[in-house]
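I have placed the structure first, in the form of structure tokens, so that the comments after it can refer back to it.
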There are 2 protein chains.
Amino acid sequence: MSDDWIFRFQGLSRLPDRIKGILATRSQVIRMRKGTVIFGPGNSPENLLFLLDGTVRVQQLAENGREIVLYRVQAGESCVMTTACLLAYEDYSAEGVAETDITAAAIPRTVFDDLISQSKEFRTFVFSAYSRRITDLFHVIEDIAFQRMDIRLAQKLLALGQGGVVKATHQQLAAELGTAREVISRQLSEFQRRDWIKQSRGTIEVLDAGSIARLAGTEAA
Amino acid sequence: MSDDWIFRFQGLSRLPDRIKGILATRSQVIRMRKGTVIFGPGNSPENLLFLLDGTVRVQQLAENGREIVLYRVQAGESCVMTTACLLAYEDYSAEGVAETDITAAAIPRTVFDDLISQSKEFRTFVFSAYSRRITDLFHVIEDIAFQRMDIRLAQKLLALGQGGVVKATHQQLAAELGTAREVISRQLSEFQRRDWIKQSRGTIEVLDAGSIARLAGTEAA
DNA sequence: CTGCTTTGGTGACATGGTCACTGAAGACGC
DNA sequence: GCGTCTTCAGTGACCATGTCACCAAAGCAG
């Protein structure tokens with residue numbers, strides 16, 4: 001298998017050749033289909049995964065069927081933390097799902113440990129990944145605890161809206177924000193009443209991004 | 001300064017002598033008074049702290065004055081993550097406060113890096129600490145997003161109730177759970193109406209721990 | 001076209017958060 | 001002791017959010 005992927009990893013491209021060699025020879029590139037559950041309750045993978053291509057969504061499930069997206073792992077980021085985390089403590093109700101078809105490099109734990117011990121750059125890379133996750137989680141907590149739903153929804157629409165169109169069902173948006181579908185439906189109805197959006201089944205067309213950004217508090221930026 | 005503290009650190013007592021030596025000689029034991037803000041917006045300490053004695057509360061503040069406790073760092077645990085985290089990314093609205101008088105070992109980042117690279121046991125210790133924090137945050141998110149307030153308050157009363165008495169104001173309980181004082185007052189009034197507790201200024205006496213545990217869902221345990 | 005599944009809409013109600021204000025309990029100075 | 005001040009707790013009105021039950025419309029499969 002080619003070791004090209006090492007060079008696409010942000011933060012890893014300047015590693016010493018010796019480290020790159022270890023990464024390239026002792027990892028295995030694997031592919032998974034969109035929708036695959038990569039880890040979940042009672043199911044942590046043996047190896048650590050570095051995501052080379054695609055996106056992984058990490059979400060928390062509740063008994064009553066509600067769910068919330070905790071964060072996403074993008075290509076070029078490491079999945080390390082999630083797996084290390086679930087390994088260290090008992091299995092948990094969070095799960096990671098391939099949001100697209102994905103490609104990943106699987107690295108045995110022992111190799112990961114070697115790399116941590118031998119490369120300062122690798123350590124920086126891994127600790128940055130952890131830090132990023134934790135600040136992501138801080139943001140999520142701040143949002144659910146203190147922010148109004150209309151504002152959170154406006155922010156989400158802007159974040160998802162590529163080319164002014166959001167392709168998502170109300171249920172999916174509810175899961176993103178950890179709320180109920182009806183709440184999303186009502187908020188979107190209100191947005192539509194103000195002519196900020198136009199809804200059709202499964203898609204939301206953003207008509208007035210300015211007003212939405214103003215509500216989201218993103219106006220200054 | 002004595003290096004006794006190394007032996008009190010869970011997970012560190014079996015480190016190679018060489019590593020213990022580094023910890024003992026290259027760290028500095030410091031003390032802080034109860035209430036000291038250890039880190040906060042725009043204020044990350046230079047060194048990493050290992051908490052030797054006392055408790056540190058890490059909380060998130062909102063603009064409107066509301067707050068929520070994210071987790072606590074106990075003696076014998078590492079503060080590493082919080083500081084590493086705040087270093088890696090821009091300053092954030094979370095802060096760490098000494099909940100008691102505390103004693104800590106301050107370790108320069110370079111020494112920390114040396115230790116990580118040289119000791120497998122130290123790596124395990126640090127990664128376990130990170131993992132613990134992340135699972136703590138998962139729990140907080142699950143709670144705020146999905147759990148009813150009466151249940152959360154019941155759990156908190158049981159967790160805080162030493163000898164059947166909780167010494168806390170309604171405002172403090174509200175901050176623990178990330179809600180408003182009025183909400184706590186109403187819930188406690190209801191608990192009192194059911195003769196589960198008896199309230200007086202600043203303290204709550206638990207009269208019927210069984211009923212509270214039943215509400216909290218802790219009964220089976 | 002017909003029936004099925006998914007998606008979205010709605011009203012009624014329960015819970016939680018905000019605001020404005022009140023009163024009670026302890027702290028402090030005298 | 002007595003007044004004053006500050007902190008803490010109680011309350012009603014109102015708005016925001018979550019839950020439940022149910023219906024209607026849009027797409028899909030046969």
For this session: Verify, without hydrogens or angle tests, whether Arg152(B) (side chain) and Leu177(B) (backbone) share a donor-acceptor contact under 3.5 angstrom.
Result: yes
For this session: Using a heavy-atom cut-off of under 4.0 Å over every strand shown, decide if Arg186(A) touches base, sugar-phosphate, or nothing.
Result: base
Exercise. How would you give the extent of chain B contacts on DNA chain C, as first and last nucleotide 5' to 3' within a 4.0 Å heavy-atom cut-off?
Worked result: dT15(C) to dG26(C)
For this session: Would you check, one step at a time, whether the test side-chain contact (heavy atoms from CB on, under 4.5 Å) holds for Ser189(B) with Gln192(B)?
Result: CA-CA 5 Å; Ser189(B) 299; Gln192(B) 189 168 43; 5.6 Å; no
Problem set entry | Which atom of Ala168(A) lies closest to which atom of Ile204(A), heavy atoms considered | O-CD1, 4.4 Å
Problem set entry | Spacing of Glu67(A) atom CD relative to dG18(D) atom P, expressed in whole Å | 15 Å
Exercise. Just by distance, do the side chain of Asp53(A) and the backbone of Thr103(A) share a donor-acceptor pair under 3.5 Å?
Worked result: no
Problem set entry | Partner of Gln155(A) under side-chain contact (heavy atoms from CB on, under 4.5 Å), chosen from Leu153(A), Ile151(A), Leu158(A) | Ile151(A)
For this session: Pull out every residue in residues 187-202 of chain A that has a heavy atom closer than 4.0 Å to any atom of DNA chain D, ordered by number, or say none.
Result: Gln187(A), Arg201(A)
Exercise. Which of parallel (below 30°), tilted (30 to 60°) and perpendicular (above 60°) describes Trp196(B) and Phe191(B)?
Worked result: tilted
Exercise. Does the salt bridge (Lys or Arg N to Asp or Glu O under 4.0 Å) test come out yes or no for Arg33(A) and Asp101(A), once each step is laid out?
Worked result: CA-CA 4 Å; Arg33(A) 296 230 168 261; Asp101(A) 288 357; 3.8 Å; yes
For this session: Give the rounded distance in Å between these two atoms: NE2 of His170(A) and C1' of dA25(D).
Result: 13 Å
Exercise. Is the Phe127(A)-Phe127(B) ring centre distance short of 6.0 angstrom?
Worked result: yes
For this session: Evaluate salt bridge (Lys or Arg N to Asp or Glu O under 4.0 Å) for Arg186(A) paired with Glu182(A), printing each intermediate quantity in order.
Result: CA-CA 6 Å; Arg186(A) 283 195 290 242; Glu182(A) 295 92 321; over 6 Å; no
Exercise. In whole angstrom, what separates Met149(B)'s CE from dA16(D)'s C1'?
Worked result: 14 Å
Problem set entry | Rounded distance in Å - CG (Leu173(B)) to C1' (dA9(D)) | 12 Å
For this session: For residues Ile102(A) and Arg31(A), determine if any side-chain heavy atom of one lies less than 4.5 Å from a side-chain heavy atom of the other.
Result: no
Problem set entry | Interface with DNA chain D, restricted to residues 178-185 of chain A and to heavy atoms under 4.0 Å | Thr179(A), Glu182(A), Val183(A)
Problem set entry | Upstream residue (5' side of DNA chain C) when Gln147(B) and Gln172(A) are each assigned their closest nucleotide | Gln172(A)
Exercise. Do you know which two heavy atoms are closest between Glu176(A) and Ile68(A), and how far apart they sit?
Worked result: O-CG1, 3.9 Å
Seminar exercise, completed: Here the distance between atom C1' of dA16(D) and atom CZ of Arg66(B), to the nearest Å, is 12 Å
Problem set entry | Nearest-Å distance for atom pair CD/P, residues Gln171(B) and dG10(D) | 13 Å
